[in-house]
Every structure is written in structure tokens, then in C-alpha cells.
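Taking it in order: structure first as C-alpha cells, then the write-up.
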Amino acid sequence: MLDKAALILDVFRPSGGEFRLSEVASKAGLPKTTVFRLAGNLVRLGFLERTGEYYRLGNRLFELGSLVSRRLDLREAALPFLQDLFESTRQTVHFGVRDGADVVYLERIHGHDSLALPSRIGGRLPLTCTAIGKALLAFSAPEVAEELLAGPLPQLTPHSITDTARLRTALEQTRVSGLAYEEQEAAPGVSCIAAPVFAGAVAVAALSVAVPREQFRPAHLAPAVRTAALGLSRVLRNGVGGPP
């Protein structure tokens, strides 16, 4: 039953929108009678809310999520550096961590340009399609990258890297320069530059700046991104928000 309840909750990834019972059943691959019974229990427990024919995620999930102390501490430690990075670039700033094969975004500060970005706080995107993901992947344990490189690579846009040789080269370049790049691989018309954040030998997070492609000047953005990542890494190595 827990597995089936998890399938129901996963239906609401990544947008957190509202769905009818029939839509939940179809997306979860479960019978409508099973979904009706389990959704009723999830509503009773506060994990889902129901308004008329529609179901949406409940407040109890938000409350529980806010208690994930390591990520909360990490985000709080990062905020001053993210704000400084935003002030120096006036572009959209992201901060994320790795969860399996995905980036999970802990913070996003909007720039003044109206960028159509698929990222959102609490949302996730494939590691290989984002600058943050490549920074995390390049400085994770070797087996993490090898596992991803062994399988098919996801594609969010026509520019996403789906060739393992190209991705391997990109990761090697990131390890050398300490910076990762994304050229319209997660969203058309958007380019990013990212740097890893360390609390030990491997990256625990990464931060990035996203800009309209025509305004992308890596040489101008790189010093600010490096400075923010190095400053946050220094704080984490001193024991604030680092791994348990």
C-alpha cells in the first residue's frame, strides 16, 4: 500500500498541479478504485487536498519537507552567497543538490529578464541537461557518472547532450576548469554557467547563473560564480550546513 501511495504522490511531480481522479489513476498506472480508496486516506492524513473533482498536494507534505534539516541548513547557508551573486549579475540564480540522476533545486532567485525556465524550488531536472547537474556530476564519486554514462541520456531540448562521448568530454572540461556550462539544453534560448560547492572531497551542491543566450558572456560571469561557490564551500567546511 505504501508503494501505491508513493505512486499516487509521484503523479504530482514536477509541477505540483491539480488532477482529477481518473488522471491520477492513469498517470500512476493503478485502478481507479484503488486510487479512490488510497487518495481518500491521503486526504484524511493531510498529504493530499481535494477541491471538488480535483486533488492536489496537501500542506502536511510541505511541513514535513521543511523539516529535512540538512537541505534546510544548506539552503540557509547558501542564501547570502546566492543573493550576492544575484546582485553582481542581475540574472537568475539557481542552487541545487543531486538526488539520484536529477538535480533538486533548493533555491531560485529570479532575474529581471523574463526567462522561460523549467526549474522551480523543490523541482527536479536531469543532471545531464543542466549546468548545475554537470557540475555535480563532474565532482561526484566516479561511479555516479559512470552509471549515468552507461545508459541512455535524457533529452529536454534538441540541444541536450545525448551522446556519451560528448558528455564525458564536457565533464572532463568541468573538472579542469571548475565550471560547467549549459547551452539551451534544458530550455531554448537560455544558457547557464555553474560551479560546484564542496564540504569535503565531492560536491554537495552547485550554484549557477542563467541568462538569455544572446547575453551569455561566460568570461564576465565566471568570476562571480566562482567567488560565490568558493565562499559557500569555505562556510560548509567550517561545519555550517555540511553533510551529517
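For reference, positions follow the sequence shown, starting with 1. Worth saying up front: this structure is predicted, and the values here are computed from it rather than measured.
Thr92 and His110 share no side-chain donor-acceptor pair at under 3.5 Å.
Within the 4.5 Å cutoff, the side chain of Pro118 has heavy atoms near those of the Leu125 side chain. Side-chain contact between Tyr181 and Pro218 is present, with at least one heavy-atom pair separated by less than 4.5 Å. Contact of the Tyr55 side chain with the Leu21 side chain is registered, since non-hydrogen atoms from C-beta on lie closer than 4.5 Å. In this structure the side chain of Glu107 reaches within 4.5 angstrom of the side chain of Leu79, judged on heavy atoms. Residues Thr51 and Arg56 have side chains in contact (heavy-atom distance under 4.5 Å, counting atoms from C-beta outward). Taking 4.5 Å as the limit, some side-chain heavy atom of Leu236 sits within range of a side-chain heavy atom of Leu74. Using a 4.5 Å cut-off on side-chain heavy atoms (C-beta onward), Leu57 and Phe47 make no contact. Side-chain contact between Leu149 and Leu167: present, with at least one pair of heavy atoms (C-beta onward) separated by less than 4.5 Å.
A salt bridge is absent between Lys32 and Glu23; no separation between the charged side-chain nitrogens and carboxylate oxygens falls under 4.0 Å. Salt bridge Lys134/Glu185: present, at least one basic N to carboxylate O contact under 4.0 Å.
Across every non-hydrogen atom of Ser233 and Pro196, the tightest pair is OG-O, 4.3 Å. Considering every non-hydrogen atom in both Leu156 and Pro126, the closest pair reads CD1-CD, 3.8 Å. Phe36 and Arg50 get closest at one heavy-atom pair: CE1-NH1, 4.3 Å. Between Leu171 and Ala145, the shortest heavy-atom distance links the atoms CD1-CB, 4.3 Å. What you find for Ala135 and Thr174 is that their closest heavy atoms are CA-CG2, 4.3 Å. The two residues Val190 and Ala210 come nearest to each other via the heavy atoms CG1-CB, 4.1 Å.
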For a side-chain contact (heavy atoms from CB on, under 4.5 Å) check, start with the C-alpha distance between Asn41 and Met1, then their side-chain angles and the critical distance, and finish with the verdict. CA-CA 11 Å; Asn41 288 330; Met1 288 299 105; over 6 Å; no
Evaluate side-chain contact (heavy atoms from CB on, under 4.5 Å) for Leu106 paired with Val97, printing each intermediate quantity in order. CA-CA 7 Å; Leu106 303 188; Val97 297; 3.8 Å; yes
Evaluate the criterion side-chain contact (heavy atoms from CB on, under 4.5 Å) for residue pair Leu230 and Val197; output intermediate values, then yes/no. CA-CA 7 Å; Leu230 288 170; Val197 173; over 6 Å; no
side-chain hydrogen bond (donor to acceptor under 3.5 Å, both in side chains) between Glu183 and Ser191, worked out: CA-CA 5 Å; Glu183 293 279 1; Ser191 296; 2.8 Å; yes
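In terms of modelled atom types and a separation under 3.5 Å, the side chain of Asn238 and the main chain of Arg234 share a donor-acceptor contact. Using modelled atom types, no side-chain atom of Ser160 and backbone atom of Gln155 make a donor-acceptor pair closer than 3.5 Å. For Arg226 (side chain) and Ala228 (main-chain N/O), no donor-acceptor pair under 3.5 Å exists by modelled atom type. In terms of modelled atom types and a separation under 3.5 Å, the side chain of Glu182 and the main chain of Ala186 share a donor-acceptor contact. Arg168 contributes no side-chain N or O that, together with a main-chain N or O of Ala170, makes up a donor-acceptor pair within less than 3.5 Å. Between the side chain of Ser177 and the backbone N or O of Gln173 there is at least one donor-acceptor pair closer than 3.5 Å.
Checking Thr164, Asp102, Leu153, Val103 one by one against Thr128, the side chain to side chain contact (heavy atoms under 4.5 Å, CB included) holds for a single residue, Leu153.
Under the 4.5 Å side-chain heavy-atom criterion for Ile, Leu, Val, Met, Phe, Trp and Tyr, Val225 and Tyr105 are members of distinct hydrophobic clusters. Phe139 and Val176 sit in two unconnected hydrophobic clusters of ILVMFWY residues. Membership requires side-chain heavy atoms under 4.5 Å apart, directly or through other members. One hydrophobic cluster, built from ILVMFWY side chains closer than 4.5 Å, holds both Ile161 and Val144. With hydrophobic clusters built from ILVMFWY side chains whose heavy atoms lie under 4.5 angstrom apart, Phe216 shares a cluster with Leu85. Taken together through direct or relayed side-chain contacts under 4.5 Å among Ile, Leu, Val, Met, Phe, Trp and Tyr, Ile132 and Ile109 form parts of separate hydrophobic clusters.
The line from CG of Leu82 to NE2 of His94 is 11.0 Å long, rounded to the nearest 0.5 Å. Expressed to the nearest 0.5 Å, how far OG1 of Thr169 lies from CG of Asp163 amounts to 8.5 Å. In this structure, CZ on Phe81 lies 10.5 Å from CZ on Phe95, to the nearest 0.5 angstrom. Distance SG/Cys129 to CD/Gln184: 13.0 Å, rounded to 0.5 Å. In this structure, Phe12 CZ and Asp10 CG are separated by 10.5 Å, a value rounded to the nearest 0.5 Å. For the atom pair Leu9 CG and Lys4 NZ, the distance stands at 14.5 Å (nearest 0.5 Å).
Ring pair Tyr54/Phe19: centre-to-centre distance not below 6.0 Å.
Glu147 CD: 12 or fewer foreign heavy atoms inside a 6.0 Å radius. Annotation: Arg175, atom CZ; neighbour count of heavy atoms from other residues, nucleotides and ligands within 6.0 Å is above 12.
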